[in-house]
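Each chain gets a letter, A, B and so on, in the order the sequences are listed, and its residues count up from 1.
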Amino acid sequence: MKQFIDPLAGLNDAQREAASCTEGAVLVLAGAGSGKTRVLAHRVANVVHQKHARPWQILAVTFTNKSARELKERVAAITPDGDEVAAGTFHSIFLRMLRREAKAIDYPRDFTVFDMDDSNRLVKMILNEKGEKRFQPRSIRAAISRMKNDMITPEQHENRAKTSDQKFINEVYREYENRLLQYAGMDFDDLLIRPIGLLKNHPSVLAYWRDRWRYIHVDEYQDTNLAQFELIKILGGSRPNLCVVGDDDQSIYGWRGARVENIFRFREAFEGTKVFRLEQNYRSTQPILELAHSVVSRSTMREDKKLWTEKKEGKKPEVIRLSTEADEAGEVVDRIGREVLSGKREYRDYAILYRTNAQSRLFEDALRSRRFPYQVIGSLRFYDRKEIRDALAYFKICINPRDDVSLRRIISEPPRGIGTTTLDHLVEWSRANDTTLTKALINGEVVEGLSSRGANNCRKFGEQIENWRNELKEKKLNEWAKWVLEDSGYIRRLEDGDKFENATRLDNINELISGLAQFEEEADESENGLADFVEQVALATDIDKYDPEADSVRMMTIHSAKGLEFPVVFVTGLEKGLFPFERMGDSDYDPDEERRLFYVAVTRAEKELILTMAWQRRKWGVLSGCAPSPFLKELPREFISESGTSSPYAAKQGSLGFGSSRDRNSKKAVSSFRKTNTSSSQKQETISPDDIPAIHYGDLVRHKVFGDGMVVNAVKYRNDIKVTVEFEDGQHDLLQSKAKLQPLKDF
DNA sequence: CGCATAATACTTTTT
DNA sequence: GTATTATGCG
């Protein structure tokens with residue numbers, strides 16, 4: 001039946017033209033909301049329909065696993081076997097290739113994927129060994145990543161390095177690469193770079209994959225980096241069937257090595273490229289598009305274009321200025337509450353966007369206190385939690401015993417009598433004998449400098465790991481995982497500890513184990529089950545878990561919001577320094593990228609767009625004044641309506657500036673709003689529990705070391721209270737149960 | 001020598 | 001709110 005469906009049904013003329021061009025190199029310049037993912041899906045369907053290729057011979061690279069899944073679903077809806085399309089992120093697609101072809105580049109098939117945290121740990125290890133404390137591991141690792149994205153090897157960088165800092169970084173880079181090889185690990189950048197070498201140096205491998213993927217599609221092409229462009233060129237060859245879709249205005253990953261120029265260079269790289277433009281926007285109303293255009297047209301270096309829409313009518317975008325960040329959260333959430341409770345909209349219609357993850361907390365607090373359903377995308381991912389990473393490290397060391405980074409993570413988690421001194425000896429021995437830490441553990445007796453007790457502890461742990469590894473193939477995955485975490489003492493330690501958060505951690509571990517059970521059920525006899533699970537976790541994006549069905553308010557960074565759309569969008573924190581984000585001493589800061597980010601933010605909105613800012617915001621715990629974002633000042637007045645407190649001076653008077661319109665709308669909203677507003681001047685979690693004598697702002701206390709001081713803040717911290725006290729020599733954070741503060745009589 | 005505790009420092013965006 | 005460091009105890 002399905003073969004009678006027109007694969008191009010439902011497309012407009014421009015979309016149809018692009019999707020029907022199934023030969024040669026095609027570049028689709030598609031504006032925000034112009035249906036580019038649709039075009040991609042229909043083009044894939046069209047290729048199959050015209051019998052140019054079977055679905056599994058078509059490669060579609062997208063930005064997230066979620067959009068890959070969506071693309072598959074779209075294709076499957078109009079094409080027989082459509083779900084067999086090879087769709088995924090660059091990283092996941094080429095990881096699969098690398099596993100298959102591991103032999104060719106002298107890697108074991110079960111190499112470990114080092115995610116960002118692993119990479120940072122590795123850099124830190126190297127810095128520690130070199131006794132260098134001047135640099136932050138993260139910044140070094142970022143520099144290395146930038147070089148790898150630009151395909152600069154340590155050897156090449158050696159000649160360019162002029163300053164001693166650069167030379168040092170190069171030294172770390174070289175050692176970092178050595179260690180990855182030694183540990184049989186690949187970082188995220190390797191997943192793109194290694195395939196280039198693989199394909200270039202192995203003609204038979206290249207021939208296989210070129211034949212396998214006869215049609216190549218790339219979504220969000222503006223966010224490709226040099227390595228990705230190179231991969232496309234190699235796979236495409238001289239007569240590519242290649243279609244890339246992108247929008248230079250939405251390039252927001254320059255800091256990660258993405259090159260917008262790849263769009264312009266595409267036409268040079270592939271002769272006879274056909275270019276199509278999609279300029280009709282199906283998402284937003286005219287007023288929103290006007291505002292978006294006024295912002296992005298100031299950007300230098302862009303393809304000139306202007307989106308248009310048939311939705312001429314629509315609400316003017318609003319700008320609201322609030323006194324404090326808590327007021328901002330209160331206003332946004334109250335507005336959502338009013339409209340949902342009056343039946344005008346559902347929770348799922350709203351998205352709250354922000355520049356940095358840290359901003360999510362106040363909105364969360366406000367939503368939670370009103371019991372509104374919400375989901376935060378990003379910030380603290382499930383798989384980034386300490387206990388989950390610990391558990392995964394246990395799994396990883398069993399899959400790949402050469403993975404020293406994982407071993408070091410868990411060697412004292414729980415403590416098993418192997419401390420820093422013993423570890424140092426082990427590391428030294430393993431390096432001297434050119435072997436792994438796991439080997440050193442088992443040979444504890446031979447390692448010089450170890451006490452007999454230390455050696456014994458090492459051997460016991462080494463044998464334990466070996467035992468786990470052997471049982472891996474014998475047991476069901478979830479049972480094996482549970483057993484390993486129990487046998488290792490990890491679970492027991494969580495159970496025994498009386499810490500407040502341990503219960504949550506245990507819950508999370510259990511969730512991981514049931515996730516493993518589910519994975520095993522769904523995975524159809526995949527050969528290396530656990531390895532597949534672990535790598536899926538490493539490459540998972542938080543947006544992948546985004547549930548469009550749930551009726552809840554969505555909160556996420558603008559970066560995470562790319563590719564999504566919502567009826568009502570709040571873009572928050574529009575203050576100078578925060579958005580556009582500025583950081584001192586950031587050399588490769590690109591103001592245009594912030595501008596494009598703002599463009600991405602506002603073009604998420606279908607019907608209503610609200611921009612908010614606060615005159616005061618807490619930064620590093622200190623309340624400081626904020627100036628409006630330059631973006632706000634640029635907005636042509638005729639495109640927006642403004643409200644709220646108009647100056648920082650008004651802010652000091654409290655939040656009276658916008659009381660009147662509120663009173664008319666809802667008394668209830670006002671009262672709930674006022675409540676947050678008053679509690680916001682203190683921290684929301686300010687406590688006075690029953691078991692500990694209450695401590696309050698302004699209390700005078702005495703500390704045995706710091707002397708007398710005044711309490712300026714008290715916040716719940718784990719199952720204790722963190723008290724900030726202003727002493728003569730400055731502020732100190734103290735734990736109330738530990739610091740034994742003596743209350744002094746008030747004057 | 002190992003480990004727990006207390007204090008300090010740090011906080012863009014992400015495959 | 002967390003990861004690292006410093007300190008002191010067993």
Side-chain angles (χ1 to χ4, degrees), chain A residues 61-65 88-95 113 115-117 119-121 124 128 133 136-138 142 145 149 187-192 220 223-225 227-228 252-258 354-359 361 378-381 384-386 412-425 449-451 453-454 457 497 499 501 538-544 556-562 573 577-583 586 589-590 593-594 596-597 600-601 618-621 683 685 705-706 715-718 720 722 730-735 737-740:
Chain A
V61 194
T62 59
F63 192 70
T64 60
N65 291 308
T89 62
F90 269 100
H91 292 83
S92 65
I93 295 274
F94 288 99
L95 171 60
V113 175
D115 64 20
M116 208 174 50
D117 186 66
S119 298
N120 283 333
R121 277 168 181 268
K124 209 164 128 199
N128 280 342
K133 296 216 154 121
Q136 268 191 299
R138 300 184 59 188
S145 179
N149 281 324
D187 67 11
F188 280 169
D189 305 320
D190 283 324
L191 299 182
L192 306 178
E220 308 283 13
D223 286 323
T224 53
N225 61 29
Q228 288 161 329
I252 55 174
Y253 283 101
W255 52 273
R256 204 169 75 179
Y354 34 77
R355 178 71 228 292
T356 66
N357 281 308
Q359 286 164 258
R361 261 197 49 221
S379 69
L380 222 187
R381 295 165 59 226
D384 284 338
R385 285 164 217 264
K386 181 187 180 305
S412 286
E413 201 69 53
R416 35 175 74 86
I418 307 173
T420 44
T421 320
T422 307
L423 182 60
D424 285 345
H425 287 302
L450 289 196
S451 62
R453 200 211 266 163
N457 289 336
K499 288 220 181 86
E501 72 270 18
L539 296 182
T541 322
D542 213 56
I543 198 77
D544 297 341
M556 67 198 86
T557 63
I558 301 159
H559 283 90
S560 299
K562 195 164 77 146
L578 182 61
F579 193 18
F581 195 89
E582 282 167 31
R583 212 167 64 145
D586 197 350
Y589 171 74
D590 177 6
E593 182 149 309
E594 295 290 316
R596 293 191 295 264
L597 194 57
V600 168
R618 206 168 277 276
K619 284 167 193 163
W620 312 288
K683 271 280 182 61
E685 292 136 309
V705 180
F706 301 123
V715 181
K716 193 191 263 181
Y717 179 72
R718 307 205 169 164
D720 206 331
K722 185 162 85 177
Q731 284 194 357
H732 291 268
D733 284 350
L734 308 161
L735 285 179
S737 67
K738 304 288 151 70
K740 301 200 178 70

So what does A:T422 hit on the nucleic acid, given a heavy-atom distance under 4.0 Å: a base, only sugar-phosphate, or nothing?
->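 Result for A:T422 = sugar-phosphate.
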
Mind checking if A:F90 touches a base, just sugar-phosphate, or nothing, with heavy atoms under 4.0 Å?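 Result for A:F90 = nothing.
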
Within the structure, does a side-chain N or O atom of [X] lie under 4.0 Å from either OP1 or OP2 of [N]?
| X | N | value |
| --- | --- | --- |
| A:K562 | B:dT14 | no |
| A:R361 | C:dG1 | yes |
| A:N357 | B:dT13 | yes |
| A:T356 | B:dT11 | no |
| A:S560 | B:dT13 | no |
| A:Q136 | B:dT11 | yes |

Between A:S412 (side chain) and A:I418 (backbone), is there a donor-acceptor pair under 3.5 Å?
->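 Side chain of A:S412 to backbone of A:I418: a pair is present.
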
Item checked: Donor-acceptor contact below 3.5 Å, side chain A:N225 vs main chain A:R256 ->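 Such a contact is absent between A:N225 side chain and A:R256 backbone.
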
**OP:** Rounded to the nearest 0.5 Å, what's the gap from CG on A:L192 to CD1 on A:I93? Could you check?
**Re:**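 Between atom CG of A:L192 and atom CD1 of A:I93 there are 12.0 Å.
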
Whole angstroms only, please: what is the [atom1]-[atom2] distance between [X] and [N]?
| X | N | atom1 | atom2 | value |
| --- | --- | --- | --- | --- |
| A:R355 | B:dT13 | CZ | P | 7 Å |
| A:D117 | B:dT14 | CG | P | 15 Å |
| A:R138 | B:dT12 | CZ | C1' | 9 Å |
| A:N225 | B:dT14 | CG | P | 17 Å |
| A:Q359 | B:dT12 | CD | P | 12 Å |
| A:N128 | C:dT5 | CG | P | 7 Å |
| A:M116 | B:dT11 | CE | P | 13 Å |
| A:R121 | C:dT4 | CZ | P | 6 Å |

Review point. With a centroid cutoff of 5.5 Å and a plane-angle limit of 30°, would you call A:W255 stacked on B:dT13?
Key: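 Stacked: centres under 5.5 Å apart, planes under 30°.
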
Residue closer to the 5' end of DNA chain B, A:R416 versus A:E593 (nearest nucleotide) =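 This one resolves to A:R416.
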
- Item | Residues in side-chain hydrogen bond (donor to acceptor under 3.5 Å, both in side chains) contact with A:E594, at least two apart in sequence or another chain |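 A:E594 satisfies side-chain hydrogen bond (donor to acceptor under 3.5 Å, both in side chains) with A:R355 only.
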
Whether A:F94 and A:F90 hold their rings parallel, tilted or perpendicular, with breakpoints at 30° and 60°: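 Plane angle under 30°, so parallel.
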
Output the single nucleotide from B:dT12, B:dT14, B:dA4 whose closest atom is nearest the side chain of A:F581.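 Among B:dT12, B:dT14, B:dA4, the one nearest the side chain of A:F581 is B:dT12.
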
